[in-house]
Amino acid sequence: MTQNPAYEVIWQVIASIPQGKVATYGQVAHLAGLPGAARMVGRCLSQLPRDTKLPWFRVVNASGRISLPVGSDGYLRQVALLQEEDIAVMNGRISLAKFRL
DNA sequence: CGGGTGACTATAA
DNA sequence: TTTATAGCCACCC
């Protein structure tokens, strides 16, 4: 599963995102020491198990939007989880105030 | 080694 | 603001 050491770092970075805040894929990649590897972060998350304890829902794209098909299972789950973190999702967009760490 | 894909991003029109 | 293009990286065939 974790053949790529970068995945563990990515997981750590995501786990370090404070509750109530969100980060972009690019940010996570950068903090993980992988500048420009935003796609790898997305790929990493796509492989996460449904029962993961990782706060994957705190990761959104640079546009401040959820990078999942609108209305999809994961999309709805992410929105719900964010709501519990005090992060409002208005018109499919995350409040800029809570953006970044 | 080459071509296609995806939970990305930045820039241009 | 939205769409198009190009660059990006790991993975699969």
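For clarity, every value in this text was computed on a predicted model and none was experimentally measured. Throughout, protein chains are lettered first and strands after them, A, B, ... in sequence-line order, and every chain is numbered starting at 1.
- Of the listed nucleotides (B:dT9, C:dA10, B:dA7), B:dT9 has the atom at the smallest distance from the side chain of A:T24.
- Here the side chain of A:S67 is nearest to one of B:dT9, C:dC9, B:dC8, namely B:dC8.
- In this structure, the CG atom of A:L31 is 18 Å from the P atom of B:dC8, given to the nearest Å.
- You'll find the side chain of A:M40 reaches within 4.5 Å of the side chain of A:N4, heavy atoms only.
- Regarding A:Q27, its CD atom lies at a distance of 16 Å from the P atom of B:dC8, rounded to whole Å.
- Here the CD-OG distance, from A:Q78 to A:S72, works out to 9.0 Å after rounding to the nearest 0.5 Å.
- Residue A:S46 has no polar side-chain atom (N or O) positioned under 4.0 Å from OP1 or OP2 of B:dG6.
- Panel note: side chain A:T52, backbone A:L54; a donor-acceptor pair is recorded below 3.5 Å.
- Between the CZ atom of A:R93 and the C1' atom of C:dT1 there is a distance of 11 Å, rounded to whole Å.
- The separation between A:I94 atom CD1 and B:dA7 atom P is 18 Å, rounded to whole Å.
- A distance-only check finds a donor-acceptor pair linking the side chain of A:N61 to the backbone of A:G64 [under 3.5 Å].
- Rounded to a whole Å, the CD1 atom of A:I66 is 14 Å from the P atom of B:dT9.
- Here the side chain of A:R65 is nearest to one of B:dT9, C:dT2, B:dA7, namely C:dT2.
- Across the P atoms, B:dA7 and C:dA6 are found 22 Å apart, a figure rounded to whole Å.
- Atom NE2 of A:H30 is separated from atom P of C:dC9 by 15 Å (rounded to the nearest Å).
- When the P atom of B:dG6 is taken as reference, atom OH of A:Y25 falls 15 Å away, rounded to whole Å.
- Minimum atom distance to the side chain of A:R39 is reached by B:dG6, of the listed B:dG6, B:dT9, C:dA10.
- Among the nucleotides C:dA10, B:dA7, B:dT9, the one closest to any side-chain atom of A:M40 is C:dA10.
- Among the nucleotides B:dT9, B:dA7, C:dC11, the one closest to any side-chain atom of A:N4 is C:dC11.
- Distance CH2 (A:W11) to P (B:dA7): 18 Å, rounded to an integer number of Å.
- In A:R93, the CZ atom is not crowded: 12 or fewer heavy atoms of neighbouring residues, nucleotides or ligands sit closer than 6.0 Å.
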